[in-house]
Number of protein chains: 2
Amino acid sequence: MYQHVREFVNHLVPLTEEEWEAAYPFIDVLKLKKNEFFVEEGDIARYISFTNKGYLRVYYNHDGTEITRDISPLHSFVTALPSYVSRTPSFEIIQAITDCELLVIRRDHLEELFEKYNHWQKVGRRIMEEMFVDTQRRIYAFITQTAETRYKLMMMQFPDIFLHVPLQYIASYLGITSQSLSRLRKTVLFDEE
Amino acid sequence: MYQHVREFVNHLVPLTEEEWEAAYPFIDVLKLKKNEFFVEEGDIARYISFTNKGYLRVYYNHDGTEITRDISPLHSFVTALPSYVSRTPSFEIIQAITDCELLVIRRDHLEELFEKYNHWQKVGRRIMEEMFVDTQRRIYAFITQTAETRYKLMMMQFPDIFLHVPLQYIASYLGITSQSLSRLRKTVLFDEE
DNA sequence: GAATATTTTTAACAAATGGTAAAAAATGAA
DNA sequence: TTCATTTTTTACCATTTGTTAAAAATATTC
C-alpha cells in the first residue's frame with residue numbers, strides 16, 4: 001500500500017520507521033472512477049494526494065476551453081496548490097483521467113506532522129523544490145522549443161501517458177489546440193518513416 | 001540591513017527573535033557592480049541570495065542566444081536552483097542587471113539552520129511553495145495569453161523593472177525576440193492613444 | 001566630445017499556430 | 001449491433017511570431 005510513496009519520499013529524505021508510523025494514521029485511501037473529481041471548481045483544496053494508481057489531470061476553464069496545467073505521472077504528489085496554500089476557492093480542477101487509487105492526507109494533519117517532525121517539514125520543502133525545478137524546465141521548453149519538439153520530448157519522457165490520456169488534454173498541456181496537435185502529429189509521422 | 005528580508009520572511013512564517021539571531025551569523029553581504037556575476041556557467045551554486053538592492057537576472061545560453069528565466073523583483077530570493085539542489089555545474093547564469101546589494105547564505109549553513117530550527121525549514125518550504133505557484137501562473141500565461149497580453153501584464157505588475165532592465169532581457173523573459181517585442185510595443189503605444 | 005559598441009527599431013518575407021467549420025473516426029451506451 | 005456522443009482529423013484562411021538585414025538610437029570608452 002505505502003510502497004510507492006515510501007520510495008518516492010525516501011528518495012528525497014530518508015525517514016525513520018517512527019516518522020513513517022506517525023504519518024500512517026493520517027493517510028487515507030481514496031478511490032476515484034474515471035472522470036470523477038478530486039477537486040472541483042470553487043472547492044477549497046484541503047487534501048494533498050499521491051497517485052498510487054492511475055492518472056490525474058489538473059486543469060482550469062479559460063473562456064470555455066479547458067487548459068491543462070498538469071497531467072500527473074504515476075506515483076507523484078498532486079494538489080491544487082494555489083487553493084491549498086491560501087485556503088481560497090480553487091480555479092483549478094482535478095479530475096481522474098483513469099480509475100485512480102489515491103493516498104490522501106488532510107492539510108491540517110499534514111501541518112501537524114510538519115510541526116512535530118522537522119524531517120517531514122523537510123520532505124515538504126524538498127518536494128516543492130523538485131516541483132519548482134520541473135516547472136522551470138517546462139517554461140524553458142515553452143521559450144526555446146516549438147510545439148513539435150515539445151510533443152516529441154513528451155512522447156519520450158512520458159510514453160505511458162499517451163496510452164491513457166485523450167489527445168486534447170495533451171494538446172492543451174503543450175499549449176496548442178487539438179487541431180494543431182493533429183497536424184503536427186501527421187508531420188512527425190511522415191518524418192519518422 | 002535585515003529589514004526587508006525580515007518583512008519578507010515574517011510574512012510567510014513569523015519567527016522569534018531567537019530564530020533570527022541564530023541566522024544572522026550565517027548571513028553575509030555581497031555587493032555586485034552592474035554586469036558582475038553571482039553564478040557563472042559551470043559554477044556550483046553554493047549560495048542563496050536575497051536582493052536587498054538592485055536586480056538580478058537568471059538566464060542561460062541556448063544556441064548562442066540568452067534565454068531569461070527570471071528577472072528578480074526587488075526583495076526576493078534568488079538562486080540557480082537546479083545546481084543548488086543537485087550540487088551539479090550550473091547551466092543557469094545569474095548576473096547583476098544593476099548595482100546590487102545581496103544578502104547571501106551558504107547552502108551548508110542554511111541546511112544547518114534547517115536541521116536545528118523546524119521553523120526555518122518551514123520558511124524554506126513556504127518560499128518554494130510561493131515560487132512554485134508563481135511559476136505555474138507564468139505557464140498559464142504562456143498557454144492562454146498572447147505575447148502582447150503578457151507584456152501588458154508585466155508592465156502593470158513590475159513597472160519598476162522596465163526602468164532598469166534592457167528590453168532584450170524582457171523580451172526573452174516573455175518568450176519572444178526583441179524584434180517582436182519592439183513591434184508589439186509600437187501597436188500597444190498606438191492602442192493607448 | 002568623438003568614436004565605438006550595444007541596444008532598439010524597422011521592414012519584408014517565412015514559418016508556426018490559431019480559428020472556424022465540417023468530416024471522419026473512435027468510443028460509449030442502450 | 002446500432003445509435004448517439006465524443007474525439008480526432010482535415011482543410012482553408014487569418015494571425016502571431018520568427019528570421020534576416022539594416023538603420024536608428026542609446027550607452028560606453030577613450
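Below, chains carry the letters A, B, ... as their sequence lines are ordered, and counting in each starts from 1.
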Taking atom [atom2] of [N] as reference, at what distance in whole Å does atom [atom1] of [X] sit?
X	N	atom1	atom2	result
B/Y151	D/dT16	OH	P	17 Å
B/R185	D/dT17	CZ	C1'	17 Å
A/L184	D/dT8	CG	C1'	14 Å
A/N35	D/dT5	CG	C1'	13 Å
B/E148	C/dT17	CD	P	20 Å

Q: Look at all strands and tell whether B/S182 reaches a base, only sugar-phosphate, or nothing, counting heavy atoms closer than 4.0 Å.
A: base
Q: Check the side chains of A/Y151 and A/R185 for a donor-acceptor pair under 3.5 angstrom, ignoring hydrogens and angles.
A: yes
Q: Answer yes or no on whether B/R107 is positioned over the face of B/Y84, meaning its NZ or CZ is under 6.0 Å from the six-membered ring centre and within 45° of the axis.
A: yes
Q: Could you tell me whether A/R150 sits above the aromatic face of A/Y173, with NZ or CZ closer than 6.0 angstrom to the six-membered ring centre and within 45 degrees of the axis?
A: no
Pair [X] + [Y], salt bridge at N-O below 4.0 Å:
X	Y	answer
A/R57	A/E66	yes
A/E17	A/R6	yes
A/R126	A/E129	yes

Q: Give the B/S/- string for nucleotides 20-30 of chain C, one per nucleotide from 5' to 3', where a protein heavy atom under 4.0 Å of the base yields B, of only the sugar-phosphate yields S, and otherwise -.
A: BB------S--
Q: Using heavy atoms and a sub-4.0 Å distance, could you list which residues of residues 155-177 of chain B are near DNA chain C? By number, please.
A: B/P166, B/L167, B/Q168
Q: Could you check whether the rings of A/F142 and B/F142 sit parallel, tilted or perpendicular, using 30° and 60° as the cut-offs?
A: parallel
Q: Please work out whether the ring planes of A/Y60 and A/F91 are parallel, tilted or perpendicular, with thresholds of 30° and 60°.
A: perpendicular
Q | Closest listed nucleotide, where the reference is the side chain of A/R183 and the choices are D/dT9, C/dT17, C/dA12 | A | C/dT17
Q) Think B/S178 has a side-chain N or O under 4.0 angstrom from the OP1 or OP2 of C/dT8? A) no
